[in-house]
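A, B, ... follow the sequence lines: proteins, then strands. Residue 1 opens every chain. Quantities reported herein were computed from a predicted structural model and do not represent experimental measurements.
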Protein chains: 2
Amino acid sequence: MLDLSTIISPTLLLNEQKCQANLKKLTQQAKKHNIQLAPHFKTHQSAQVSQWFRDYGVQAITVTSIKMARYFAKHGWDDITIAMPINIREIEAINSLASQIRLTVFVNSMETARFLHQRVTAPLPFCVEVDTGYHRSGVISDNTEEIRAILATAQDSQLQFTGFYSHAGHTYEATTHQEVERVHQETLQQLNQLKETFRPAYPDLQLSLGDTPSCSLMDDFTGIDIIRPGNFVYYDLTQHFVGSNSVAEIAVCLAAPVVSVHPERNEVVTHSGWAHLGKDSLTDKVEKSWYGYVVTLTESGWSAPIEGAYVAKLSQEHGTLYLPDEYLEKVAVGDLLGILPVHACATVVMMGELTTFSGEMIKTMSVQAV
Amino acid sequence: MLDLSTIISPTLLLNEQKCQANLKKLTQQAKKHNIQLAPHFKTHQSAQVSQWFRDYGVQAITVTSIKMARYFAKHGWDDITIAMPINIREIEAINSLASQIRLTVFVNSMETARFLHQRVTAPLPFCVEVDTGYHRSGVISDNTEEIRAILATAQDSQLQFTGFYSHAGHTYEATTHQEVERVHQETLQQLNQLKETFRPAYPDLQLSLGDTPSCSLMDDFTGIDIIRPGNFVYYDLTQHFVGSNSVAEIAVCLAAPVVSVHPERNEVVTHSGWAHLGKDSLTDKVEKSWYGYVVTLTESGWSAPIEGAYVAKLSQEHGTLYLPDEYLEKVAVGDLLGILPVHACATVVMMGELTTFSGEMIKTMSVQAV
């Protein structure tokens, strides 16, 4: 039980039970399909939370930067993939960490392969990231010529090809289960085509997938060996509207002190700006952006969203909440309201630490020395 | 001179000369109109940068939270205004700091006035924030009845009424000098009306204004005693499009390593996501959002923006930059590109530290113990 009177400033609350249930759900999903879960830790960025994954048998993890890799390596993780095209300017840090743990990187171009061939001083497993339609990064999946050239360049060095990865980020633009399904099937098809093409030369190559919507929702993982979802640990409203989770599964909530009440326009201002929530928005039917749902906090969690209430505007530290009459009447300056985030990854980055309902303080890498 | 080869990861660069010129410009603006500059420190959030303001005679400052007030008090500032409706849950921290320095707060409601009347234990100067049209917080400026009630409630306590404040944040929506002028004149008119009404009872009351566009651009400050702009210290593209500054006056730039090049769609990916830049966007003529301008970095600064280049998409750590053919041809994996931010306050919050061209590391409160 958390004594809400002890919360005086904006505080990110973590419902550990919901978080554990989310971990269990994805672990079961992976087990059911006989695939490895190598979760992305960019959402929680916390050594403490990372330990909870151990109980579910997680051994390999995914991050977005060498900085994050170093942080988790320091906290006992020894099989880490940096799921971003490798930044070759950081070669010294990469060599250093690769000499201590199994560090896997993404090599997506001949230029990068050539550079690494010359400069890598420790065994360095790598994936080739392939672009299956999201068009952010990666080799276009049917460009087998480029892939062959990368693999040829990597030979006779400490580089070790391990397989293909795709982040089908365009599932986030899906608004129906069918759209996620369509994107997912296209990705599966392209990855399996590559597996078939390159398996004769690389019999151990593995396929891995990155996005939370596919990993949460889909039932067909034909040919996939590893999934690397991140957001599922907390979930959020963006994922909810894609269909990945129910609102009840969202495990984080910002406790925001009410600093002014404006009944004439159905608004209250809370201390909860983009410096706390991040600035991600969703758009309603009339193209109006909003930044979160509003809930009532209790000593053991929070209510379902207040119907008709939402975060309407964000400044750096002011959050403007629209509240319907019947709820607004009960709200006074000095109260605490809860806000369910549009994008949990952003809210966690902004806040840097979380408080559980047993009163434990959870720190992330941004407030912990690496 | 800064050796660019030493920059291996995303790094926020600060051009100290531009910053000093911005300080000088606003100081001269204040002097010219015989008003006090009590700058808002939420943009830089840095004890080191705060010392530069001393050379320009700044003695009183503005912040957004008790946390920020404590940080700057620890670094020698003893006249601090928290420009946000006071969070009464933080009363103990407020009393504690108010017993050490001159701490001014905003009291915008009877509820708050009543609470403080009972609970304040140290002299506590306060402004009444008035809403002159932005409709975020503050008493509607013609509601003199509410204001009288607040002032009456504050009597016979350690609360000391000092005057009225308005943040005319709707100047940010202006697209022409004339629109800023119109909003500014309306604000001036409303504030001066209040001065006239309440001066007989409070002969020392002062008027203060908060927004950077008005403070940067306007030439009429009739009746205004104090200006509290923040963003001008670095400026950014949002302010540029309102008209507050030229692009050349922007003093911060994110150095972003190129991690992949995609000539087929005129894009490169840099390590520069919303976790580095923040997620503020501007919108072009065809309603497409973009997140920054692209510049070439040199050892002493950066170029004018590359024509036709912009930050097109942001993920957590990936930044997708659109580059025109002739520039793209010269860019390779491992290069460093510069990004001018849409919103400097956000970029500074995300990065937490800055590097000057003399190689000095500037820290903000988020990476410094308070």
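With a 4.5 Å cut-off on non-hydrogen atoms, B:D335 touches chain A through its backbone but not through its side chain. For B:K313, the part lying under 4.5 angstrom from a heavy atom of chain A is the side chain only. Only the side chain of B:H343 comes within less than 4.5 Å of a heavy atom in chain A; its backbone stays farther off. Neither the backbone nor the side chain of B:E92 comes within less than 4.5 Å of any heavy atom in chain A. Both the backbone and the side chain of A:E317 come within contact range of chain B, judged by heavy atoms closer than 4.5 Å. In this structure, chain A has a heavy atom under 4.5 Å from the backbone of B:A83, while its side chain stays farther away. Looking at B:T320, only its side chain comes within 4.5 Å of chain A, counting heavy atoms on both sides.
Heavy-atom pairs under 4.5 Å with chain B peak, among A:V349, A:I88, A:L336, at A:L336. When each of A:S109, A:S315, A:G278 is scored by its heavy-atom pairs under 4.5 Å with chain B, the top score falls to A:S315. If you tally non-hydrogen atom pairs under 4.5 Å between each of A:H318, A:M350, A:M84 and chain B, the highest count goes to A:H318. Contact tally against chain B (heavy-atom pairs below 4.5 Å) for A:T270, A:V268, A:N108, A:I7: the top residue is A:I7. Contact tally against chain A (heavy-atom pairs below 4.5 Å) for B:K279, B:R136, B:Q316: the top residue is B:R136.
Taking the six-membered ring for Trp and the full ring otherwise, A:H262 and B:H135 have centroids separated by 6.0 Å or more.
The closest side-chain heavy-atom distance from B:D236 to B:Q239 is below 4.5 Å. Taking the side chain as every heavy atom from C-beta outward, A:M365 and A:K67 approach each other to under 4.5 Å. Looking at heavy atoms from C-beta onward, A:R89 lies out of side-chain contact with B:S9 at the 4.5 angstrom threshold.
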Handout entry: Full working for side-chain contact (heavy atoms from CB on, under 4.5 Å) between B:F106 and B:I82
Key = CA-CA 7 Å; B:F106 285 5; B:I82 303 179; over 6 Å; no

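Evaluated for a side chain to side chain contact (heavy atoms under 4.5 Å, CB included) with B:F115, the options B:T153, B:I91, B:V107 yield exactly one hit, B:I91.
Interatomic distance, CD of A:E129 versus OG of A:S137, reported as 3.5 Å (0.5 Å rounding).
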